[in-house]
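Structure, as structure tokens:
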Amino acid sequence: VDRTQTRKKTNPVKVNFLVDLAIFAAFLALLEPHTTGMAIHEWLGIAFGAAAVTHLVLHWKWLVATTRRILGKLPRQSRVSYLLNTLLFAAMTILIFSGLMISEVALPALGLNLSPGFTWRALHTQMSDVVLILLGLHVALHWKWIVTTTRRYVVAPVAARLSRRPAPAVPALAEVSVEEVGA
Amino acid sequence: VKIIGRILIILLAALVVVGATAALLNNGLADALNLGGEDGRPAGQFERDERPAGAPEGEFGERGGVGVGGFLSSLARNLGVIALIVTGVVSGQWLWSKLSVRRRDSGAASSIAEGPPEKEFL
């Protein structure tokens, strides 16, 4: 049996949506090191970096096409988006690297002992604020896509599943009122 | 191979950012951003767990609240910041598109009122 024929084709939009959702949730969790604890914070931060790279790889075509056209003709929204994404990439890189520099659990566990300074710690904290604002702008610029994709892949399937449910034993209010009017 | 190449390019770009940051930190960026110490030592000279003068007790410099209440209020604040930015940008975009449509419509209406352009004789 040809496996390629039987295997379901993965929907790239769905994959993008899931990766983005995971990145967003991870970032919110990373902003709470007191709650998660340092070990989870650090390992999640490293995973977050890998997820960010995955996000970039998934959007590689846009990245290359826009980089080629950045000095030429390009819609204003794409230009703004490109500039913002560049800043976000730089801020996230600094955030992750400064996090690695002040690592107390993850890097020592891998046998790497750095001598962290107050500068890296302070930079890490300030960058988390910068990334929060840039991420807000990134979400805002893609708000239409987020709403459309959430409707298609979250709201619509849930609504369809709810409408397919068997009728409850107790008659619905509308039915009762119709019968009462008929009587 | 293609994906590995792309990952390497991304990591190279990250390396450039890290290198630039480290270079800037060594050339006075830390002082400009007020990231260094205040007791005469140059920025970046603090050891692990060493607290500079004026820094609060506890794990200074870290975000997030303590306990469930602190976590929820901190989460609400972070989501609130994002929601505020999204609301501002989306409503700004909506307003801009409405204004540009109105401007286009008024421009079209005035050109109809003026009538067809007069023939130019050379």
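In the text below, chain A, chain B and the rest are named by the order of the sequence lines, each starting its count at 1.
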**Q.** Verdict with supporting geometry, Leu100(A) and Trp120(A), side-chain contact (heavy atoms from CB on, under 4.5 Å)
**A.** CA-CA 9 Å; Leu100(A) 289 173; Trp120(A) 289 113; over 6 Å; no
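Neither the backbone nor the side chain of Phe27(A) comes within contact range of chain B, judged by heavy atoms closer than 4.5 Å. Heavy-atom distances place no part of Leu15(B) under 4.5 Å from chain A, backbone and side chain included. When heavy atoms are compared at a cutoff of 4.5 Å, Ala13(B) approaches chain A by way of both its backbone and its side chain. Residue contact with chain B, scored on non-hydrogen atoms closer than 4.5 Å, is absent for Ile96(A).
More than 12 heavy-atom neighbours from other residues, nucleotides or ligands sit within 6.0 angstrom of CG on Leu99(B).
Proximity of Trp145(A) to Asp20(A): side-chain heavy atoms (C-beta onward) are separated by under 4.5 Å at one or more points. A 4.5 Å side-chain heavy-atom check between Leu31(A) and Ser128(A) finds at least one atom pair inside the cut-off.
Using cut-offs of 30° and 60° for the angle between ring planes, the His41(A) and His124(A) rings count as perpendicular.
Considering only heavy-atom pairs separated by less than 4.5 Å from chain A, the leading option among Val81(B), Val86(B), Ile82(B) is Val86(B).
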